[in-house]
2 protein chains.
Amino acid sequence: MVDEQDFLAAYDPRAYPSVAVTVDVVALTIRDDALHLLLIQRGQPPFEGHWALPGGFVRPEEDLTAGARRELAEETGLGGAGLRRVHLEQLGSYGAPDRDPRMRVVSVAHLAFAPDLPDPAAGSDADEAIWLPVTALTSRQLAFDHGRIIDDALERARSKLEYTPLATRFLAAEFTISELRAVYETVWGHPLHAGNFHRKVLSVPGFVESTGASTERGGARGGPRARLYRAGDARLLHPALLRPAREETVR
Amino acid sequence: MVDEQDFLAAYDPRAYPSVAVTVDVVALTIRDDALHLLLIQRGQPPFEGHWALPGGFVRPEEDLTAGARRELAEETGLGGAGLRRVHLEQLGSYGAPDRDPRMRVVSVAHLAFAPDLPDPAAGSDADEAIWLPVTALTSRQLAFDHGRIIDDALERARSKLEYTPLATRFLAAEFTISELRAVYETVWGHPLHAGNFHRKVLSVPGFVESTGASTERGGARGGPRARLYRAGDARLLHPALLRPAREETVR
DNA sequence: CATGTCTCTCTCAATCTGAGAACATCTCGA
DNA sequence: TCGAGATGTTCTCAGATTGAGAGAGACATG
């Protein structure tokens, strides 16, 4: 069971064939009531012209999450203050031996939830980064195994909204219950009952807290001014805000 | 933002400083109504004499999960057939720059649920592997950041029992509802109401299916023979089997 | 064979959810 | 300026789910 390489590596990991480690980020935001993610069109082979997640090699002195935060900052043009409202978590690692034709590359994928951000400045990095609606993904060619990473990320995002208050990270610091509901409807992909959602959000301890203020105007198409809330101090929703039953996905 | 190394790596990842990638496995099982995990006492520095998770370097031709499965097989002595009943999933990656004093090592941690297995054969691998009760962890010195990995794994395990039927992976192919309840009580660390648990398990579609048979004898301390079930075809529990409220952990 | 344990079912109250409705407030176009 | 329509918020009510307790019957042990 113990081969020569393992034996050497036990004393000195440098004796083992090297692997490159990258961090990739699935950055999600909501624009015009549609879920968007940040993609970059590749300028060189492999997969030249295909779309890829923002990412790059981990630097020697930085932690994995720090690398992801750096990549996100580079591609969005966001500074330290702006990044603070962005949620970033590790999604998982992807390391199939043939996922990069050049050499063995293990990618540590991350997932980010961001409020609506301006379009990336074209000159901030060498490549062209854009916010693409997830519904437009099928028409784009994706590089490497990024299609699978994105699928996993979207499912994680849907799931996270159920038991964490992270939906608020898609919104400004102050928001209305209806705006929060729109986040859920966009990420989950189906409408929710306004009254029941309202009741549920206010009943979960620490989900949101009232600012006391209201919006300046009513809704664009009518309706009264809405009360404003900010994110509460809960890290988990209890009881959770569950998606309606989805029998198909269960088996 | 684009430094020399990034620039080179864009064309050839080999130009980038190398990182070692390992897979580690937090293998959990239940013995004598106590949660145990597989640990190995290290025979060489660094952390000589400390306890570590089974793991090792990823081989060039194997996927991450395949590497974890191989490590698990080596340390448990389990063959292909035995491994099939073991649940294995990726937990997350740990890559703090200083987590291994020798060089930059990124570890892709995995989580395994196994039925009660025999003690590892002493000669199956160079190191001494044992099943240690998780309650005894505080008295052992753990190598690297394996303490944190184990903490994360235990929390993941507790959470997984809520919304997946994976508790059955701790049991033999056929089991009683009481044995299943014992798994939950062991992993969650507190007793459950027998009647309500029974009702819930049978009401969740696809969680368990009846074999029609019953145990040969009653319980060791009395009681009727119990009906036997096997795992159903559900991959998710819907509605979930939630832990009782835990206000403390929420904020 | 008496005692205590355990499986399994049942009841009841409390809570939560889904669906619908009521009502006041506001925007917009006629 | 006014009416129509949309929206925010609160209620009601029925159905489902959960927590707690109780009880009938089967079984091991001494």
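In what follows, chains are A, B, ... by sequence order, proteins preceding strands, each numbered from 1. Just so you know, these numbers use all the heavy atoms, side chains as well, and skip hydrogens, waters and symmetry mates. Here the structure is a predicted model, which is why all the values come from computation and not from measurement.
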Starting from the 5' end of DNA chain C, give me the residue, A:G223 or A:N196, whose nearest nucleotide shows up first. A:N196
Heavy atoms only, 4.0 Å cut-off, all strands: where does A:A220 land among base, sugar-phosphate and nothing? sugar-phosphate
Do the charged groups of B:R31 and B:D119 touch, with an N to O distance under 4.0 Å? yes
Passing candidate, side-chain contact (heavy atoms from CB on, under 4.5 Å) with A:L53, options A:V25, A:I40, A:L39: A:L39
Classify A:T176 by what it touches in the nucleic acid, base, sugar-phosphate, or nothing, heavy-atom distance under 4.0 Å. nothing
With distance as the sole criterion, do the side chain of A:R221 and the base of C:dG29 form a donor-acceptor contact below 3.5 Å? no
Does B:R199 reach a base, just sugar-phosphate, or nothing at all? Heavy atoms under 4.0 Å. base
Check the phosphate of D:dC27 against B:R225, side-chain N and O only, distance under 4.0 Å to OP1 or OP2. Yes or no? yes
Ionic contact status for A:R148 with A:D152, cut-off 4.0 Å: yes
At less than 4.0 Å, is any side-chain N or O atom of B:R217 found next to OP1 or OP2 of D:dC27? Yes or no. no
Can you check the A:E162 CD to C:dT17 P distance for me, whole Å? 12 Å
Classify the side chain of A:H198 versus the base of D:dG8 as yes if they form a donor-acceptor pair under 3.5 Å and no if they do not. no
Is a donor on one side and an acceptor on the other found under 3.5 Å between the side chain of B:R225 and the backbone of B:E216? yes
How is A:G222 classified with respect to the nucleic acid when contacts are heavy atoms under 4.0 Å: base, sugar-phosphate, or nothing? base
Report yes if at least one side-chain N or O of A:S178 is closer than 4.0 Å to OP1 or OP2 of D:dG8; otherwise report no. yes
